[in-house]
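Let me begin by presenting the structure, written as structure tokens, before commenting on it.
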Amino acid sequence: MKNQDNILITRDVRLWYGQKEALHGIDLDFPQKGITALIGPSGSGKSTYLRALNRMHDLEDNVTVTGSFTFDGSDIYAPTTDTVELRKKIGMVFQQPNPFPFSIYDNVVFGLRLAGVRDRQTLDEAVEKSLKAASIWKEVKDSLNKSALGLSGGQQQRVSIARVLATSPELLLLDEPTSALDPVSSHNIEETLMNLRDQYAMIIVTHSMSQASRISDRTAFFLDGDLIEVDDTRKIFLDPSQKKTQDYISGRFG
Ligand SMILES: Nc1ncnc2c1ncn2[C@@H]1O[C@H](COP(=O)(O)OP(=O)(O)OP(=O)(O)O)[C@@H](O)[C@H]1O
């Protein structure tokens with residue numbers, strides 16, 4: 001059944017690397033639109049949880065995932081789920097900008113071509129729309145046939161976002177997308193994400209509490225594989241319910 005309020009509902013999510021349990025039963029839901037930040041100290045399980053959402057752990061040996069993951073009314077881990085289709089709907093942007101060694105144009109249409117789209121006009125329109133949405137169109141519109149590797153790190157990261165947007169995702173997963181970037185590039189990415197918040201659901205793992213407080217609508221605090229608290233970002237930063245959250249955001253550990 002499709003839930004009107006939440007695009008993704010996860011319940012009792014547990015994950016083991018070999019014998020080691022890294023997530024201890026996470027219940028967390030995400031609304032149809034807006035940015036949720038996942039914060040917490042190193043090793044608390046943020047990336048592990050994020051990667052479970054589009055089945056990235058399928059690519060690793062020795063990882064066991066249990067619990068329920070309902071995305072748009074469907075079970076992400078159903079045996080019948082096509083993971084290529086799933087990752088089009090749940091796109092991922094990584095810490096390091098990761099353009100392919102192709103032109104900017106070919107990078108953006110990569111997923112569409114993989115899906116069999118060949119019509120030049122459709123591809124041209126998708127390139128313009130996605131690069132505009134990723135706030136980089138003006139900078140690259142006259143050099144679409146140049147290599148994406150010639151761009152700055154911040155520009156490469158916005159092209160990575162455009163590449164994900166081109167496949168019309170419903171949910172974007174962002175794993176520390178600005179941590180490898182200089183402050184100006186980070187600011188540009190933050191602006192880009194804020195411009196997209198009305199159109200997409202986004203989940204961002206970040207080590208920067210100032211970033212979480214600047215750009216997210218909701219914040220979830222992870223600690224040692226547990227979800228300690230999730231709430232509106234203002235509430236988490238101004239008046240958290242849990243002492244552990246208060247200690248973390250006031251810099252007492254982590
Ligand atoms: N591939 C792996 N194999 C074994 N253990 C892992 C693997 N990846 C992560 N872990 C362990 O799982 C736990 C959670 O790690 P995870 O990377 O999800 O934390 P995190 O909160 O994202 O940390 P960081 O902020 O440093 O990225 C840690 O104890 C980590 O050592």
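The residues of the chain are indexed from 1 along the displayed sequence. Just so it is clear, the model here is predicted, and its values are computed rather than measured. Just so you know, these numbers use all the heavy atoms, side chains as well, and skip hydrogens, waters and symmetry mates. Order of listing sets the numbers, starting from 1, for every ligand and every atom in it.
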task = Would you please name every residue forming a side-chain hydrogen bond (donor to acceptor under 3.5 Å, both in side chains) with D232, sequence neighbours left out?
result = none
task = May I ask you to check whether S210 and S208 show a side-chain donor-acceptor distance below 3.5 Å?
result = yes
Which atom pairs, nitrogen or oxygen on both sides, join ligand 1 and the protein at under 3.5 angstrom?
| unit_1 | atom_1 | unit_2 | atom_2 | d |
| --- | --- | --- | --- | --- |
| ligand 1 | 8 (N) | Y17 | OH | 3.3 |
| ligand 1 | 18 (O) | T48 | N | 2.9 |
| ligand 1 | 18 (O) | T48 | OG1 | 2.5 |
| ligand 1 | 19 (O) | G45 | N | 3.1 |
| ligand 1 | 21 (O) | S44 | N | 3.0 |
| ligand 1 | 21 (O) | S44 | OG | 3.2 |
| ligand 1 | 21 (O) | G45 | N | 3.0 |
| ligand 1 | 21 (O) | K46 | N | 3.1 |
| ligand 1 | 21 (O) | K46 | NZ | 2.8 |
| ligand 1 | 22 (O) | S47 | N | 2.9 |
| ligand 1 | 22 (O) | S47 | OG | 3.0 |
| ligand 1 | 23 (O) | G43 | N | 2.8 |
| ligand 1 | 25 (O) | K46 | NZ | 2.8 |
| ligand 1 | 25 (O) | H207 | NE2 | 2.6 |
| ligand 1 | 26 (O) | S42 | OG | 2.5 |
| ligand 1 | 29 (O) | K20 | NZ | 2.6 |

ask   = Between F100 and R163, is there a cation-pi geometry (under 6.0 Å to ring centre, at most 45° from the normal)?
value = yes
For residues 132-140, tabulate all N or O donor-acceptor pairs below 3.5 Å that involve a side-chain atom, not counting sequence neighbours.
| unit_1 | atom_1 | unit_2 | atom_2 | d |
| --- | --- | --- | --- | --- |
| K132 | NZ | E128 | OE2 | 2.6 |
| S135 | OG | T192 | OG1 | 3.2 |
| E139 | OE1 | Q155 | NE2 | 3.0 |
| E139 | OE1 | R158 | NH2 | 3.2 |
| E139 | OE2 | R158 | NH1 | 2.8 |

query = side chain to side chain contact (heavy atoms under 4.5 Å, CB included) with Q156: which of I104, N107, L151, N98?
reply = L151
message = Can you pull out every salt bridge (Lys or Arg N to Asp or Glu O under 4.0 Å) where at least one residue sits in residues 180-196? Sequence neighbours excluded, please.
response = E190-R214
